[in-house]
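All figures in this text were calculated on a predicted structure; none of them were measured in a lab. Heavy-atom basis, side chains included; hydrogens, waters and symmetry copies ignored.
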Amino acid sequence: MDRACCSGPADWLDAPTHWTFLDPVADRLADFIQALPLGRVRDVLHGVPLGHPLHPALVDTPIGCWLAAGVLDLTGGDDRAARTLTAVGLISLPPVFWSGWVDWSRLPPAQRRLGLVHAASAAAGAILHGCSLRARCHGHPLRGRVLGLSGTTLVGLAAGLGGHLAYRHAAGAAHAEAEFRLAPPDWQPLGDTAEFPEEVPVRRRLGEVAVLVVHGSDDSWTVLADRCTHTAGSLSDGELIDGCVQCPECQSRFRLSDGHPVQGPATAVQPRFETRILADRLEARPPQ
């Protein structure tokens, strides 16, 4: 069957992932954003304290305001209320854009291209709403309505691209949530304790699930899912830093003691398995 006959909305939304001409701009912009001295604010913008990305939660405010303003415009509602809603949507934008850009800067190339088009569409929609507010404030309500509805249409397209990025491409989604379900439920051997040098990440398998094993200098044992919750990178290829393991791909850090992220962009907890030593052999299983 001709592939063109199978094309649909999902394929159209996927198109920007192939636009490699965006890479030079995307790479420079990502490097600039990653170099900004944001400190702990960066993790807040990622949503690390919340346990999930912050950006999708913040976008509800401007989208809700502009949709409500559009309903008022289409139904002949109070123009003053529509003007207020348009302004509130614009005021709420800075944290929306900052959180989005910080997340975007850590995406792989194909997702970064799609994210760049998403951001450009959202910015264009916001500019139209800014022009709409200006027209409303200067006594041109009809022009303000047209500009506002046009802006909301563009923001709707941006939201569609953002949803496609989040759900089809799993940008920001946890990538290790199924590990407990896929691993055998009972105790499984991982090897003799002598096989694991202290403070060195080692990769083993629990059935079909890859795990990271760390033998601490205090004779503690840690077994985490090997796939990073943010990019699915292998943590066993990462570095141990201050009681944490750092993903080699996204530089997220997870505490060995409980799997919690202490540095983004990862926001989800890294699955941690129970351990025991039996006859000088390390065994692990999912939490019961």
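Val88 is not connected to Val155 by any chain of hydrophobic side-chain contacts under 4.5 Å among Ile, Leu, Val, Met, Phe, Trp and Tyr, and they are in different clusters. Grouping the Ile, Leu, Val, Met, Phe, Trp and Tyr side chains by contacts below 4.5 angstrom, directly or via other members, places Leu107 with Leu58. Hydrophobic clustering of Ile, Leu, Val, Met, Phe, Trp and Tyr side chains at less than 4.5 Å, counting indirect connections, unites Leu206 with Leu182.
For His215, the ring-ring contact (aromatic ring centres under 6.0 Å, His included) partners two or more places apart in sequence, or in a different chain, are Trp221.
Taking the six-membered ring for Trp and thresholds of 30 and 60 degrees, Phe21 and Trp19 have nearly parallel ring planes, at less than 30 degrees apart. Taking the six-membered ring for Trp and thresholds of 30 and 60 degrees, Phe273 and Phe180 have ring planes more than 60 degrees apart, a perpendicular arrangement.
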| task | Report the C-alpha distance between Asp78 and Arg83 in whole Å, list the side-chain angles of each, state the deciding distance to 0.1 Å, and finish with yes or no for salt bridge (Lys or Arg N to Asp or Glu O under 4.0 Å). | result | CA-CA 9 Å; Asp78 186 354; Arg83 185 168 65 245; over 6 Å; no

| request: Kindly indicate, with the supporting measurements, whether the criterion salt bridge (Lys or Arg N to Asp or Glu O under 4.0 Å) is fulfilled by Asp23 and Arg112. | output: CA-CA 8 Å; Asp23 288 347; Arg112 195 180 287 172; over 6 Å; no

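Electrostatic pairing of Asp237 and Arg203 does not count as a salt bridge here, judged by no charged N lying under 4.0 Å from a carboxylate O. Between Arg42 and Asp103 no salt bridge is recorded (no basic side-chain N to carboxylate O distance below 4.0 Å). Between Arg253 and Glu239 there is no salt bridge, since none of the side-chain N atoms of the basic residue sits less than 4.0 Å from a carboxylate O of the acidic one. Comment: Arg40 engages Asp43 in a salt bridge, judged by a side-chain N to carboxylate O separation of less than 4.0 angstrom. Contact check on Asp258 versus Arg272 returns no salt bridge, with no Lys/Arg side-chain nitrogen under 4.0 Å from an Asp/Glu carboxylate oxygen. Ion pairing between a basic and an acidic side chain is recognised when a charged N comes within 4.0 Å of a carboxylate O; Asp186 and Arg285 show no such pairing.
For Ser92 against Gly89, the heavy-atom pair with the smallest separation is OG-O, 2.8 Å. Between Ala176 and Pro271, the closest heavy-atom pair is O-CG, 3.2 Å. Between Thr17 and Arg113, the shortest heavy-atom distance links the atoms O-NH1, 2.6 Å. Residues Ile91 and Pro94 share a closest heavy-atom pair of O-CD, 3.2 Å. Taking each heavy atom of Asp226 and Ser236 in turn, the nearest pair found is OD1-N, 2.8 Å.
Judged by distance alone, with hydrogens and angles left aside, the side-chain atoms of Glu179 form no donor-acceptor pair with the main-chain N or O of Ala225 at under 3.5 Å.
A donor atom on one side chain and an acceptor atom on the other are found under 3.5 Å apart for Gln251 and Arg106. The closest side-chain donor-acceptor pair between Arg136 and Ser132 falls under 3.5 angstrom.
Aromatic pair His175/His230: centroids not less than 6.0 angstrom apart.
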